[in-house]
Amino acid sequence: MIAELGIFFLILTLVFSSFGFLQPILSNISKNVLLFSQEKLSVLIFTFTLLSFFCLAYSFLVSDFSLNVVVNNSNTQLPIIYKITGVWGNHEGSILLWLLVMTFFGFLFSIQNIKNKDIKTKTLYVQNTLIFLIGLFIVLTSNPFERSFPPEIEGSDLNPLLQDPGLIIHPPLLYLGYVGFSIVYSISLAVLLFKIKKDDFVNVLRPWVFASWTFLTLGIGLGSWWAYYELGWGGFWFWDPVENASLLPWLTASALLHTILISSKRKLLLKWTLLLSIITFTLSLLGTFLVRSGVLISVHAFANDPSRGLFILLLLILVTGAGLFFYIKSGSFFPKKNNINLISKEGAISLNNIFMLTLSFTILLGTVYPLFSGVIFNTKISVGAPFFNSILAPIIFPLVIGMIFGPFLKWGNDDFFNLINRLKILLFIFFIVALFVWYLNFGGPILSIIFFIFSSWIITSSLFEFTKFISLKPKLTFKKVPLKNLSQLTAHIGIGLLIIGATGTSILKKEKIQFQDPNQIISISKFDVKFMGVNNVEGPNYISEMGEFKIYKKGEYLKSLYPERRFYNSSDQITTEAAIYSTIFGDLYIAIGDKNSLNDNQSWTTRIWYNPFTLWIWIGVFLLSLGGAISLIKTLRIKN
């Protein structure tokens, strides 16, 4: 009965969301058509979707094995927390979560206090239409309440890689970012489609851009952290096609973040802001297509039904086509004057946009071209980390230069020599910092020294900007830092720390792989790693081969680490659980492999890495997200 209620609520969502596109059509045909409040409809749509999601969650909790999705992704041995994770740890449930998040954003927008009621109503037309299309996709191709009779006695299992605390919150956070851009798209398309007064939309758009970008940043960071400790290969970013699919909208959204500042401050680049909004949501949909169509083989992809892929592809074409069509059609609706001086804050942001979009397009090309090559030319091409790293390095330098000097430029117009004169103290500090970084890393890879210098310059320039809020006369006093400055300082410092962490982990990492005997010591960096052996441990739904390693530094015992190889009972799958000793200077990362079958001395394959400065990646992501959250708070104070 619960499953029937779930599909019933889902159909109600489909019916009521259909008024999003039917009402404007019918009202144009006849003025006597009964008009429904889009705000009230959005509340109903969210309520019905939430109830449907609760029905699916309940079915997982009680192990209702008459539902196909429960049989394929859960069993009675699964811990309760992972039964909840199982709700979205599959295609059908994750798409229902996608719909829930989309209706949630529609609901939040419907209760937002917006002066321009026209833009609010028209935006909800578009948002509810998108909800209808996603709801139609679920009902026709991805029904999570599909039953089989007679019901199975026991289920299979949730993918062991998903049985991890990080995966409990990673997908919801990622979806809050991905799907959050649906409301950004809806606002932009409403402006273009209904020719709403052009200056009003920017302040309405801003909080949703910052909120979605912040959630997406947290989601990507958490996913990177999960891959680092769960997959057992000692890295945080693999340039996997699905990882790229989440990075692409983040890059264009980062460009949008900066562009919207020009639009709100100077009333310039309004049309460009709308285009970036459309592109960002389009790339979010593209990521969904890549994950769910079966065209990619990835640890992150778990759907391979071509009919589903075709539906999402048609949806992608429809959404992209509608956005670009009305964008092109609106040519005369926006002013042509976009006079921007290169030496100005607007100029720096515009260059930032160019490099961000160049990077996005190149990553997109490297991600999808192998797919086209396989279909059109019947040839398999592998595009991996070397390609992406080679294009990232040259583009990151101008981006960093923009982050360093952009905040010190004036709006409208500035002078290069006046800028140099204003920053002569900072430039001298840069010289001292560069010498210090070079001294600390002398003899190391030149690329790592360059990246460390640039990242230290970002942090130094941000701290230098903070000094303008400190007064030494007549005594030391601290002025209140405006939220716009605080968010920028926090986010830019976060970028600097992230570059330090990524550089250390990628370029300076040390690795040792060997057969290691019990009581044998392997030295790496300044650590001595003593292997104590392997014990069999029984978990709730798996059997583990758990290694024990004692960590010493200069003869002093620090800690014991316990990496595992887990054998899951129901699915006969094996996962590697790494063990990590983390400090501010680097991570000692240990994973165990197979037992040595060539001798009887109980030696095992052990993989030991030392990853310098990895912790700063996660601190950098946190500061980036904090900067976005501060900007969101600031925009919410602006009356729309």
Side-chain angles (χ1 to χ4, degrees), residues 1-10 51-100 138-172 226 230-232 291-292 294 297-305 307-308 535-546 564-577 594:
M1 184 63 187
I2 294 298
E4 282 69 27
L5 282 174
I7 191 64
F8 174 70
F9 289 132
L10 194 56
L51 290 172
S52 180
F53 189 82
F54 280 158
C55 289
L56 183 61
Y58 178 81
S59 299
F60 269 87
L61 287 174
V62 300
S63 296
D64 183 358
F65 294 132
S66 66
L67 292 184
N68 294 341
V69 69
V70 179
V71 172
N72 295 328
N73 300 280
S74 184
N75 58 52
T76 53
Q77 298 178 23
L78 199 65
I80 290 179
I81 190 67
Y82 296 133
K83 287 185 178 181
I84 296 173
T85 307
V87 177
W88 54 78
N90 58 85
H91 169 75
E92 292 82 2
S94 66
I95 287 294
L96 184 59
L97 177 63
W98 175 287
L99 181 67
L100 177 63
I138 294 175
V139 171
L140 294 181
T141 72
S142 309
N143 180 11
F145 300 101
E146 190 177 78
R147 287 187 184 273
S148 289
F149 290 99
E152 299 287 341
I153 298 175
E154 181 60 279
S156 54
D157 201 3
L158 178 66
N159 186 336
L161 288 175
L162 304 182
Q163 295 182 37
D164 180 85
L167 267 293
I168 298 171
I169 55 176
H170 164 57
W226 166 79
E230 176 66 24
L231 299 183
V291 175
R292 316 210 172 270
I297 297 175
S298 165
V299 69
H300 307 274
F302 47 77
N304 55 8
D305 188 337
S307 64
R308 294 169 177 172
N535 296 311
N536 291 327
V537 178
E538 188 172 343
N541 61 333
Y542 60 84
I543 297 173
S544 169
E545 294 175 337
M546 180 182 291
E564 302 177 60
R565 293 180 76 228
R566 292 180 179 177
F567 301 82
Y568 284 82
N569 305 330
S570 298
S571 57
D572 292 328
Q573 294 190 55
I574 303 174
T575 64
T576 300
E577 305 291 325
D594 297 319

*How far apart are the C-alpha atoms of Asn159 and Gln573, what are their side-chain angles, what is the distance that settles it, and do they pass the side-chain contact (heavy atoms from CB on, under 4.5 Å) test?*
CA-CA 9 Å; Asn159 186 336; Gln573 294 190 55; 4.1 Å; yes
*Decide yes or no on side-chain contact (heavy atoms from CB on, under 4.5 Å) for Ile543 and Val537, but give the supporting numbers first.*
CA-CA 6 Å; Ile543 297 173; Val537 178; over 6 Å; no
*asked:* Quick one, Leu99 with Leu10, criterion side-chain contact (heavy atoms from CB on, under 4.5 Å). Give me CA distance, side-chain angles, the key distance, then yes/no.
replied: CA-CA 10 Å; Leu99 181 67; Leu10 194 56; 3.7 Å; yes
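Side-chain contact check for Asp594 versus Arg565: some heavy-atom pair is nearer than 4.5 Å. For the pair Leu231/Leu161, a side-chain contact is recorded, criterion being any heavy-atom separation below 4.5 Å from C-beta on. Using a 4.5 Å heavy-atom cutoff, the side chains of Tyr82 and Gln163 are in contact. Put simply, the side chain of Val69 reaches to within 4.5 Å of the side chain of Leu56, judged on heavy atoms. Using a 4.5 Å heavy-atom threshold, the side chains of Ile138 and Pro144 count as touching.
Remark: side-chain polar atoms of Ser59 are not paired, donor with acceptor, to backbone N or O of Asp64 under 3.5 angstrom. Using modelled atom types, no side-chain atom of Ser74 and backbone atom of Val70 make a donor-acceptor pair closer than 3.5 Å. Although no hydrogens or angles enter the test, the distance criterion places no donor-acceptor pair under 3.5 Å between the side chain of Asn143 and the main chain of Val139. Of the possible donor and acceptor atoms, none in the side chain of Glu230 sits under 3.5 Å from a partner among the backbone N and O of Glu577. One N or O on the side chain of Asn75 and one on the backbone of Ser156 form a donor-acceptor pair closer than 3.5 Å. Side chain of Thr85 to backbone of Ile81: a donor-acceptor contact under 3.5 angstrom is found. Between the side chain of Ser66 and the backbone N or O of Glu152 there is no donor-acceptor pair closer than 3.5 Å.
Side-chain N/O atoms of Arg566 and Thr575 include no donor and acceptor closer than 3.5 Å. Counted by atom type alone, Ser544 and Glu564 present one or more donor-acceptor pairs between their side chains at under 3.5 Å. In this structure, a donor-acceptor pair under 3.5 Å is present between the side chains of Thr76 and Glu154. Neither side chain, Gln77 nor Asp157, offers a donor N or O lying under 3.5 Å from an acceptor on the other. When only modelled atom types and interatomic distance are considered, Ser148 and Asn68 share a side-chain donor-acceptor pair under 3.5 Å.
The shortest heavy-atom contact between Arg147 and Met1 is NH2-N, 3.6 Å. Closest heavy-atom contact between Thr576 and Gly232: CG2-CA, 4.2 Å. Nearest heavy-atom pair, Leu78 versus Asn73, reported as atom, atom and distance to 0.1 Å: CD2-O, 4.3 Å.
How far CG of Asn72 is from CZ of Phe65: 11.0 Å, rounded to the nearest 0.5 Å. The CG atom of Asn90 sits 10.0 Å away from atom OG of Ser142, with the distance rounded to the nearest 0.5 Å. With rounding to the nearest 0.5 angstrom, the CG atom of Asn541 is 6.0 Å from the OH atom of Tyr568. Atom CD of Glu92 and atom CG of Leu97 lie 13.5 Å apart (nearest 0.5 Å). Considering SG of Cys55 and CD1 of Ile7, their distance stands at 10.5 Å, rounded to 0.5 Å. Atoms CG and CZ, on Leu67 and Phe60 in that order, are 8.0 Å from each other to the nearest 0.5 Å.
Phe567 CZ: more than 12 foreign heavy atoms inside a 6.0 Å radius.
Taking the six-membered ring where tryptophan is involved, the planes of Trp88 and Phe53 are essentially parallel, since the angle between them stays under 30° and well short of 60°.
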